[in-house]
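Just below is one structure, and these are the notes that go with it.
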Amino acid sequence: MIPRSLTAAALAAGALLLSAAAPGGAQAATVCSTATPTHVQLTASKGAADRVIVSWRVARRAPATLAFRVTRDGAVVGQTRGRRMSVAVPPGRAPKITITAIVGGRVSRCAAAVTARPQSTAGVSGAVAVLAVRPARRGRALLSWDPLAGSAAAGYRILRNGRVAQRVTRPSLEVRLTRRPVSYQVAALDRTGRRGPRSGAVTVQAGHRRPAKPIGAGASDITDTSVTLSWGRSRAAAGRIAGYRILRDGRTVKGVRGTRVTLPTAAGPRAVSYRIVALDTAGWVSAGSDPITVTTARLAAPPAKAVAPAAPGAPGAPGAPGADAVADTTLSLSWSPAAVPAGSALRGYRLMRDGVIVSQVADPRAAVSNLAPKSAHGWSVAAVDTRGAVSDPSPATRVVQADPPPATGASHAFLLASTDSSFAAFRANYRRIGTVYPTFYDCNPVSGAVEGSDNPDIVTFAHDRKIQVLARFNCQDTAINHRILTEPALRESWLSTMMDLVAQHGYDGINLDFEAVAATDRDALTRFAAELSSRLHADGKLLSQAVSAKDEDIPNHPRSTAFDYAALSQYDDYVFVMAWGQHWATSAPGPMDDINWVRSIADYAASLPNHQKFVIGTMLYGMDWAGDGGADQPGEGRHYGEVQGLSARYGVAPTFDPAVDAWTLHYTDDAGLAHTVWYPDATTIGDRIAIARDRGLGVGFWRMGQEDDRVWNDPRLPAAG
């Protein structure tokens, strides 16, 4: 143990080593004559066996602004204007501690170094192990850990967020749950109060739920010298599963990451009980698995190990499971019961999918859900008795899940493939959709080339449910659109790339969404659509085109003139009219799709040749403008749920404007700024559906994932032909 105070002379004698760094140059030598640390001392840190206090002095003539940097084996541990610092000394190591003067804000060559010998831990034999958290009484959690085996630990120091909080004598402590996460560590104390190394950290926070307990725990391959334990995976409520701990007669004997372990058995005939607990990344442990009781007769000098195919007296293997009912996501299985040896009883059956334990059931039958449609798996079972002994597995039965129910609707809908909410809304309401436009591809803002990527999950989900996938190719840049439509090389690159992507990913066609096209590019856009349509139709594919809304063909309109409705309808399979945009992000606040304007748009489309190809698109989102809006205060898109949340938060009710058939919300935010929100709900969206249906036009939406979910229950939505 290091004495309480050691002078530099004593250190040089052998307990510790001290040396001064040689300064370079006459000027450096002058500075170092007053700035170099002297009289370096090391003293043991009270209450911490893994730390020492290093202290030093400087000459009286030293600069007033002098500071010092302390390093341990070359790594900086701190900087101070004082003359002492606490430094950690890892167990078993003898680090070199260096104090370097900082003169005028710069690190100098004026330094002194000392090498500490490893310290004795005087009865503290290592770090506390197996620190874990589990629920306790309401509003509290229980920290627990294994006592240090064979040590003279007289108590334990609890550290909260790195600082000493309290001392306890037992290997457990109840702590209060708080909304903010709190990190806890534990260190053992010897009889003199010196602290051993800290344990690993666990995180305690209100609302955190412990992992699910491991399922199907059992023993197999029991011999005189070893036993193999196995179990099914646990599930973490938050974070992930970090691993599993095996408890033998209530005490941890091993930690593993997988779901199988072989352990040595105890000497002499005895019954041993095992349980398995799961541990998540925050340090919370699950409830224990069902107990596994293993009885062995290990000899003092055991014979050579011989592993039997199943434990003596283990249950017999059940029969192969048969599929009683198979749907798209569910499955019912049953099998012949297993024979259980005398002196034991059946606990249940492990159900295994492709050899992995997924559940344990009490009877020889099981219902499984949450399977993927059209997926194929091998199902087998094994019996587990009340001692935890596991039978050999049954033969596996291969089962292929059914196709999912097909869509029955004919609506068109855009998806943003980059957002989870959009795909989630599609999965939940796909039955009302017939054609989906996922946003996969855009134009590069510099080169103008096609960029983006496919999402096979969306494509597979739609095709499995008989929904057409027309990948959206989007470009909102007027200058880039002009280049794509008029530069021969770039034009051909787009046409060829789009066809290649359709073939590569199996799309049913393309949605062409070129917006902000100049009025002067009207004919070029029509020619582009005609060429793309010809190539797609030759391969049996479809073309949908998004067009800006209008109720008459106006020359030189900045948004709508480029779209020649009558000409495009000759080539497009669908003309998707974006029937919104009276107000937009940089305009003044106002309704984006006045019902009267939508009606006139639909009337115009219905008057044209090929009117059956036209789809009246309805927006599903709202817009929130601060103040008077405009370019200086642009609006922010709001989905239906966000608007309802704003209404509740600020205690203001929305109002309905029957003249335009839209809802509005006025509120003042936390900064005192007034806001105006215009938005639709299921009723107003339904009114626009009715306008399209009454004129024999299609129904479409921009975009899924923002809407009032009640819209999907509207009986006026079109059904598949």
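Everything numeric in this text was worked out from a predicted model, so none of it was measured.
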Write down the atom of G239, the atom of T281, and the distance for their closest heavy-atom approach. CA-OG1, 3.9 Å
Given 3.5 Å as the limit, does a donor-acceptor pair link the side chain of D354 with the main chain of G378, or not? yes
If only atom types and distance count, is the side chain of S234 paired as donor or acceptor with the main-chain N or O of A212 below 3.5 Å? yes
Heavy atoms only: give me the nearest A136-L142 pair and the separation to one decimal. CB-N, 3.9 Å
Does atom CZ of R57 have more than 12 heavy-atom neighbours from other groups under 6.0 Å away? no
For residues K213 and S289, determine if any side-chain heavy atom of one lies less than 4.5 Å from a side-chain heavy atom of the other. no
With side chain to side chain contact (heavy atoms under 4.5 Å, CB included) as the test, pick out the partner of Y244 among K254, R257, R233. R233
W231 side chain near V261 side chain, heavy-atom distance below 4.5 Å: yes
If we ignore hydrogens and angles and just use 3.5 Å, is the side chain of R69 paired with the main-chain N or O of I102 as donor and acceptor? no
Intermediate values then yes/no, side-chain contact (heavy atoms from CB on, under 4.5 Å), V277 and R210: CA-CA 11 Å; V277 296; R210 68 196 306 190; over 6 Å; no
With side chains defined as the heavy atoms from C-beta onward, is the minimum distance between I357 and M352 less than 4.5 Å? yes
Nearest non-hydrogen partners of A94 and T115, listed with the distance: O-CG2, 3.7 Å
Evaluate the criterion side-chain contact (heavy atoms from CB on, under 4.5 Å) for residue pair F440 and I458; output intermediate values, then yes/no. CA-CA 10 Å; F440 288 160; I458 293 176; 4.3 Å; yes
If we ignore hydrogens and angles and just use 3.5 Å, is the side chain of S183 paired with the main-chain N or O of A201 as donor and acceptor? no
Could you check whether any side-chain N or O of W284 sits under 3.5 Å from a backbone N or O of A278, counting only pairs where one atom can act as donor and the other as acceptor? no
So, taking the atom named CD in Q41 and the one named CZ in R83, what distance separates them when rounded to the nearest 0.5 Å? 14.5 Å
Atom pair CG (N444) and CD (E451), whose distance is rounded to the nearest 0.5 Å: 4.5 Å
Show the numbers, then the answer: is there a side-chain contact (heavy atoms from CB on, under 4.5 Å) between V175 and R160? CA-CA 10 Å; V175 296; R160 189 177 189 270; over 6 Å; no
Reported CG-to-OG1 distance for the pair L229 and T259, which is rounded to 0.5 angstrom: 11.5 Å
May I ask you to test the Y441-D454 pair for a side-chain heavy-atom distance under 4.5 Å? yes
Closest heavy-atom contact between P214 and A287? CD-O, 3.9 Å
Rounded to the nearest 0.5 Å, what separation is found between the OH atom of Y274 and the CG atom of D249? 8.0 Å
Between T293 and S273: side-chain donor-acceptor atoms closer than 3.5 Å: no
Counting C-beta onward and ignoring hydrogens, is there a side-chain heavy-atom pair between V52 and T43 closer than 4.5 Å? no
Calculate, to the nearest 0.5 Å, the distance between atoms CD1 and CZ belonging to I99 and R84 respectively. 13.0 Å
Close side-chain approach of V58 and T34, heavy atoms under 4.5 Å: no
Is it the case that over 12 heavy atoms from other parts of the model lie below 6.0 angstrom from the CZ atom of R260? no
Side-chain touch L42/V114, heavy atoms, less than 4.5 angstrom: yes
Closest contact, heavy atoms only, A101 versus L66: CB-CD1, 4.1 Å
Is R347 reaching over with its side chain to a backbone N or O of R387, donor-acceptor style, under 3.5 angstrom? no
Please check if the side chain of Q205 supplies one atom and the backbone of R179 the other of a donor-acceptor pair under 3.5 Å. yes
Of all heavy-atom pairs between H208 and A238, which one has the smallest distance, and what is that distance? CE1-CB, 3.9 Å
Do S199 side-chain atoms and V128 backbone N/O form a donor-acceptor pair below 3.5 Å? no
Looking only at atom types and distance, does a side-chain atom of D280 sit under 3.5 Å from a main-chain N or O of R240, one as donor and one as acceptor? no
Atom CH2 in W145, atom OG1 in T252: separation rounded to 0.5 Å? 13.5 Å
Worked verdict on L351 versus V361 for side-chain contact (heavy atoms from CB on, under 4.5 Å): CA-CA 7 Å; L351 179 63; V361 295; 5.5 Å; no
Going by heavy atoms in the side chains, are R350 and S230 under 4.5 Å from each other? yes
Is R649 paired with D670 through a side-chain N to carboxylate O contact shorter than 4.0 Å? yes
